[in-house]
Amino acid sequence: MPRHRALVEIGRRIMKRFEQLDLDVEEEFIIFVVHLLARDLRRGLLKSDLNKHTCAINGFVDGIVESYVSPVDCTMANMKMSWVMKKGRGIDLQYVKEQYEERFLNELKLLIDDILQYPETCSKAQLDQLFAKMQVFIVTCYNLGCPKNHVLLKLTAQALNSVIGRSDLQNYVLKKKYHRLEYLQRLAATVGGIVIYNNDGPDGDRENVRYIVGDLEMAQKNTSSAFQLALDGAAKMQSLCQAAIDEMIYLDPKDTTMTYRVPLEHLQRLNQFTIIYTMQQRCLDALHRSYESTVYLIEVERKRYECVVAKINDTLAMRTAIDSELIFPHFVYISQVWSNLNNFLNHVVELNKLREQLEILVPAQIKDAAEATIAELQALHKRIKVPQKIKFLDRIAVMTDYHTDANFCSLAQADIKDFCALTLTITNGLLLPAKVTRKLCVNVDITFGLRDHMYGRFTELCFEQFIPAFRKVIFNSANLALLFKLDEALISHELQDLIVEPPKQKDFAGQTEMVVTNDLSAPNWINVTWNVWDYHRETIHMAEIRKRQTHDAQTNISYGQRNAQNQTYNTRQHK
């Protein structure tokens with residue numbers, strides 16, 4: 001069975017197990033987990049295990065189900081964090097804006113239809129109802145507060161009265177519906193701007209009218225502190241785990257040897273906590289960068305808000321007869337700025353939701369487990385008296401023996417410069433911070449991180465042995481592939497649809513094609529010649545073709561094929 005079909009079948013078995021456990025799990029996520037975890041060196045499956053239903057496959061299925069349920073499984077937590085970042089469209093400001101506006105318009109559609117349904121011959125009671133519904137529409141459309149607040153509705157009614165009177169309201173009903181909708185939107189922008197302007201500043205009614213500037217200030221303060229706290233916590237745990245690993249191994253670039261007491265597989269237990277906190281830190285950094293860009297836009301929009309308020313103050317300072325065409329566009333503009341500030345606040349809210357999801361995926365139990373592992377390995381390091389020493393090239397040779405089919409992936413886009421590449425290769429995945437960066441080969445456009453220049457010197461001299469081992473360390477580890485964002489390139493060819501087998505036979509043009517140079521049809525008139533010798537040559541050419549025509553009986557199946565029995569070939573089976 002091909003690898004893709006085997007992994008799809010494993011994914012179906014896992015989904016059935018989740019259904020039995022009454023767990024609502026996204027099937028697309030399970031497919032992602034199966035395809036990525038199957039190639040992991042420690043928890044994956046060999047290609048020989050996929051040929052039949054063996055104990056290895058059952059253990060693989062049980063391991064995924066147990067790790068999904070477990071809150072302290074670091075590999076599954078890394079996959080969940082990566083999935084949150086892939087599917088978390090809330091990072092994109094434009095997407096958040098479109099989603100909120102679409103949902104908002106769907107909620108307002110009933111109210112808009114109710115406003116537009118009034119007939120041309122409205123009674124006084126119907127006009128009063130229309131006037132009240134317009135107030136609710138304006139309050140809701142620009143998020144001025146609760147539409148049930150009677151004080152806010154009264155303030156809106158005063159602003160609405162200053163723009164449209166009873167006669168104008170009757171004229172509004174006499175408009176066609178598409179004109180009435182356009183006028184309603186323009187009217188809402190003007191009246192909303194008036195309400196916003198009247199309650200601007202410290203004397204505004206903060207209890208009844210929403211003040212978006214104050215909400216943004218509070219949201220920015222809380223969000224900045226929450227991001228800083230989460231980033232500091234992740235960085236602290238990451239450095240704590242790396243410092244513990246650094247104490248237990250010693251790399252001598254001069255002697256090209258590595259000395260250690262605690263077995264490297266035990267250090268891998270501690271290294272998984274380094275990876276999960278590094279993964280969390282990188283995800284939080286991505287959210288924080290998006291948040292900072294939104295903060296910049298908020299500052300720009302606040303300056304626009306202050307400018308338009310100052311412009312309105314200057315215009316109204318004359319206190320003479322002011323043309324509505326002069327002042328109303330400023331109110332419309334302030335409503336637009338207010339809507340933009342609302343969109344920015346919605347984006348901050350969505351970023352906080354994603355941040356909370358990331359924090360939930362790394363609970364306090366993982367922190368406790370990391371600290372307990374550090375204490376356990378430090379005690380083991382003290383008990384072991386005789387250290388082990390091994391050559392760099394011997395460790396690189398061990399890693400070269402591992403098989404991987406990910407040579408098509410490129411490391412140029414991976415952010416690997418933060419960690420020592422030589423240490424990662426020799427220790428099979430242990431992450432230690434890099435202090436220098438260097439491009440080790442002119443033919444490879446990759447910036448590597450190293451502990452110091454002596455590490456870089458050895459890596460340059462042994463680059464041919466180093467780079468294949470380095471690639472295999474990363475591509476045979478699901479955690480490292482997730483950390484360096486190589487997971488999509490790693491499994492993209494396996495997530496494609498099943499390849500359709502080519503046909504057993506191919507059509508082959510065995511008959512010589514007859515080309516008529518002097519074809520007088522319209523598409524070929526440009527090739528027509530009136531030279532008599534060209535006609536003689538064309539006649540000889542057609543005669544030669546006539547001599548070479550076959551006269552054997554042909555069936556419908558063999559028509560157009562020469563030596564059809566030789567055209568069958570077996571497709572190559574990729575295992």
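Positions are given from 1 along the sequence.
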Visitor: Quick test of your reading: applying ring pair (Phe, Tyr, Trp, His ring centres under 6.0 Å), list the pairs with at least one residue in residues 67-88, sequence neighbours left out, ordered by first then second residue.
Guide: Phe18-Tyr68, Phe29-Trp83, Phe32-Trp83
Visitor: Regarding Lys16 and Glu19, does a basic nitrogen lie under 4.0 Å from an acidic carboxylate oxygen?
Guide: no
Visitor: Does the distance from a Lys or Arg side-chain N to an Asp or Glu carboxylate O, for Arg42 and Glu265, drop under 4.0 Å?
Guide: yes
Visitor: For Ser290 versus Ile91, what's the shortest heavy-atom pair and its separation?
Guide: OG-O, 2.9 Å
Visitor: To the nearest 0.5 Å, what is the distance between CZ on Phe470 and CD1 on Ile467?
Guide: 6.5 Å
Visitor: Using a distance-only test with no angle check, is there a side-chain donor-acceptor pair under 3.5 angstrom linking Thr257 and Asp252?
Guide: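 Their side chains do not contain a donor-acceptor pair, so the 3.5 Å distance test is not met.
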Visitor: Using a strict 4.0 Å threshold on nitrogen-to-oxygen distance, state whether Lys86 and Asp487 make a salt bridge.
Guide: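 Salt bridge between Lys86 and Asp487, a charged N being under 4.0 Å from a carboxylate O: yes.
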Visitor: Other residues, nucleotides and ligands only: do more than 12 of their heavy atoms fall within 6.0 Å of NZ on Lys391?
Guide: yes
Visitor: Run the side chain to side chain contact (heavy atoms under 4.5 Å, CB included) check on Asn343 and Glu101 step by step: do they pass?
Guide: CA-CA 9 Å; Asn343 291 328; Glu101 287 181 351; 4.0 Å; yes
Visitor: Got Asn271 and Thr274 here, is their nearest side-chain heavy-atom distance under 4.5 Å?
Guide: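 Counting from C-beta outward, Asn271 and Thr274 do come under 4.5 Å.
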Visitor: What I'd like to find out is whether the side chain of Leu358 reaches to under 4.5 Å of the side chain of Val362, using heavy atoms alone.
Guide: no
Visitor: Taking the six-membered ring for Trp, are Tyr305 and Trp338 parallel (under 30°), tilted (30 to 60°) or perpendicular (over 60°)?
Guide: tilted
Visitor: Check whether any side-chain heavy atom of Lys485 lies under 4.5 Å from a side-chain heavy atom of Ser82, and answer yes or no.
Guide: no
Visitor: Which heavy atom of Leu287 sits nearest a heavy atom of Met85, and at what distance?
Guide: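 Looks like CD2-CE, 4.1 Å.
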Visitor: In Å and rounded to the nearest 0.5 Å, what is the CE to CD1 distance from Met79 to Ile30?
Guide: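 Rounded to the nearest 0.5 Å, the CE-CD1 separation comes to 10.0 Å.
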Visitor: Is there side-chain contact between Ile31 and Arg12, with at least one heavy-atom pair below 4.5 Å?
Guide: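 They are not in side-chain contact.
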Visitor: If only side-chain N and O atoms count, and only distance matters, is there a donor-acceptor pair under 3.5 Å linking Asn428 with Arg395?
Guide: no
Visitor: Apply the test salt bridge (charged side-chain N to carboxylate O under 4.0 Å, His left out) to residues Glu356 and Lys353: give CA-CA distance (whole Å), side-chain angles for both, the deciding distance (0.1 Å), then the verdict.
Guide: CA-CA 5 Å; Glu356 291 173 355; Lys353 290 180 181 179; over 6 Å; no
Visitor: Taking NZ, NE, NH1 and NH2 as the nitrogens, is one of them in Lys417 or Asp415 under 4.0 Å from a carboxylate oxygen of the other?
Guide: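 Salt bridge flag = yes for Asp415 with Lys417.
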Visitor: So how far is it from Cys283 SG to Leu482 CG, rounded to the nearest 0.5 Å?
Guide: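 So the gap between those two atoms works out to 9.5 Å.
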Visitor: Do Arg457 and Pro253 come within less than 4.5 Å of each other through their side chains, counting heavy atoms only?
Guide: no
Visitor: With a 4.5 Å limit on heavy-atom distance, are the side chains of Tyr100 and Tyr95 in contact?
Guide: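 With C-beta onward as the side chain, the pair stays apart.
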Visitor: Using modelled atom types and a 3.5 Å cut-off, is there a donor and acceptor pairing between side-chain atoms of Ser239 and backbone atoms of Lys236?
Guide: yes
Visitor: Is Arg451 salt-bridged to Asp246, cutoff N-O under 4.0 Å?
Guide: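 Between Asp246 and Arg451 there is a salt bridge, with a charged N closer than 4.0 Å to a carboxylate O.
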Visitor: Which pairs count as salt bridge (Lys or Arg N to Asp or Glu O under 4.0 Å) when at least one residue sits in residues 367-377, sequence neighbours excluded?
Guide: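 For residues 367-377: Arg269-Glu376.
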Visitor: Which is it for Thr75 and Ser67 under the side chain to side chain contact (heavy atoms under 4.5 Å, CB included) test, yes or no, and what are the steps along the way?
Guide: CA-CA 8 Å; Thr75 303; Ser67 62; over 6 Å; no
Visitor: Indicate yes or no for a side-chain donor-acceptor contact from His381 to the backbone of Arg261 under 3.5 Å, with no hydrogens or angles considered.
Guide: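 No, His381 side chain to Arg261 backbone: no donor-acceptor pair under 3.5 Å.
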Visitor: Backbone N or O of Ser335 within a donor-acceptor pair of the Ser339 side chain at under 3.5 Å?
Guide: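 Yes, because the side chain of Ser339 sits within donor-acceptor range (under 3.5 Å) of the backbone of Ser335.
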Visitor: Enter the distance from Gln465:CD to Cys462:SG here, rounded to the nearest 0.5 Å.
Guide: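 Reported value, rounded in 0.5 Å steps: 5.5 Å.
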Visitor: For side chain to side chain contact (heavy atoms under 4.5 Å, CB included), just list the numbers for Ile249 and Thr427, CA-CA rounded to whole Å, side-chain angles, deciding distance to a tenth of an Å, and then say yes or no.
Guide: CA-CA 9 Å; Ile249 61 173; Thr427 60; 4.2 Å; yes
Visitor: Are a donor atom and an acceptor atom from the side chains of Asp285 and Gln281 found within less than 3.5 Å of each other?
Guide: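 Absent: no donor and acceptor within the cut-off.
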Visitor: Looking only at non-hydrogen atoms, find the nearest pair between Gly429 and Val473 and report the distance.
Guide: N-CG1, 3.7 Å
Visitor: Could you list all the salt bridge (Lys or Arg N to Asp or Glu O under 4.0 Å) pairs where at least one residue sits in residues 55-80, not counting sequence neighbours?
Guide: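 Sorted pair list: Arg17-Asp62, Arg43-Asp73.
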Visitor: Could you give all pairs that pass the ring pair (Phe, Tyr, Trp, His ring centres under 6.0 Å) test and reach residues 224-272, with sequence neighbours left out?
Guide: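 Checked against ring pair (Phe, Tyr, Trp, His ring centres under 6.0 Å) - neighbours excluded - the pairs reaching residues 224-272 are Phe227-His288, Phe227-Tyr291.
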Visitor: Could you report the tightest heavy-atom contact between Val34 and Ile64, atom names first, then the distance?
Guide: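 In this case the closest contact between Val34 and Ile64 is CG2-CD1, 4.0 Å.
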Visitor: Any chance you could lay out the side chain to side chain contact (heavy atoms under 4.5 Å, CB included) test for Gln388 and Met258, step after step, and finish with the verdict?
Guide: CA-CA 8 Å; Gln388 296 187 20; Met258 179 177 65; over 6 Å; no
Visitor: Quick check against the 3.5 Å criterion: does Asp40 have a side-chain atom that pairs as donor or acceptor with the backbone of Ala478?
Guide: yes
Visitor: Does a side-chain heavy-atom distance below 4.5 Å link Phe448 with Thr459?
Guide: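 Not touching, per the 4.5 Å side-chain cut-off.
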Visitor: With Leu431, which of Asn479, Ile245, Asp418, Leu483 fulfils side chain to side chain contact (heavy atoms under 4.5 Å, CB included)?
Guide: Leu483
Visitor: Heavy atoms only: give me the nearest Cys420-Tyr455 pair and the separation to one decimal.
Guide: SG-CD2, 3.9 Å
Visitor: Do Ser477 side-chain atoms and Ile474 backbone N/O form a donor-acceptor pair below 3.5 Å?
Guide: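 Not at all, since once roles are kept as given, no pair shorter than 3.5 Å links the two residues.
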Visitor: Quick one: which residue pairs count as a salt bridge (Lys or Arg N to Asp or Glu O under 4.0 Å) with a foot in residues 460-469, not counting sequence neighbours?
Guide: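 For residues 460-469, and leaving out neighbouring residues, the salt bridge (Lys or Arg N to Asp or Glu O under 4.0 Å) pairs sorted by first residue read Arg438-Glu460.
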Visitor: Is Arg355 paired with Glu359 through a side-chain N to carboxylate O contact shorter than 4.0 Å?
Guide: yes
Visitor: Say you draw a straight line from CG of Leu430 to CD of Gln272; how long is it, rounded to the nearest 0.5 Å?
Guide: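 Going from CG on Leu430 over to CD on Gln272, the span is 12.0 Å.
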Visitor: Any salt bridge between Glu292 and Arg289, counting N to O under 4.0 Å?
Guide: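 Salt bridge between Glu292 and Arg289, a charged N being under 4.0 Å from a carboxylate O: no.
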Visitor: Would you name the heavy atoms of Leu450 and Leu422 that are closest together and state the gap between them?
Guide: CD2-N, 4.1 Å
Visitor: To the closest 0.5 Å, what do you measure between CG (Leu251) and OG1 (Thr423)?
Guide: 5.0 Å
Visitor: Going by salt bridge (Lys or Arg N to Asp or Glu O under 4.0 Å), name the pairs with one or both residues in residues 207-223, residues two or more places apart or in two chains.
Guide: Arg210-Asp215, Glu217-Arg302
Visitor: Is the shortest side-chain heavy-atom distance between Asn106 and Glu102 below 4.5 Å?
Guide: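 They are in contact (side-chain heavy atoms under 4.5 Å apart), so the answer is yes.
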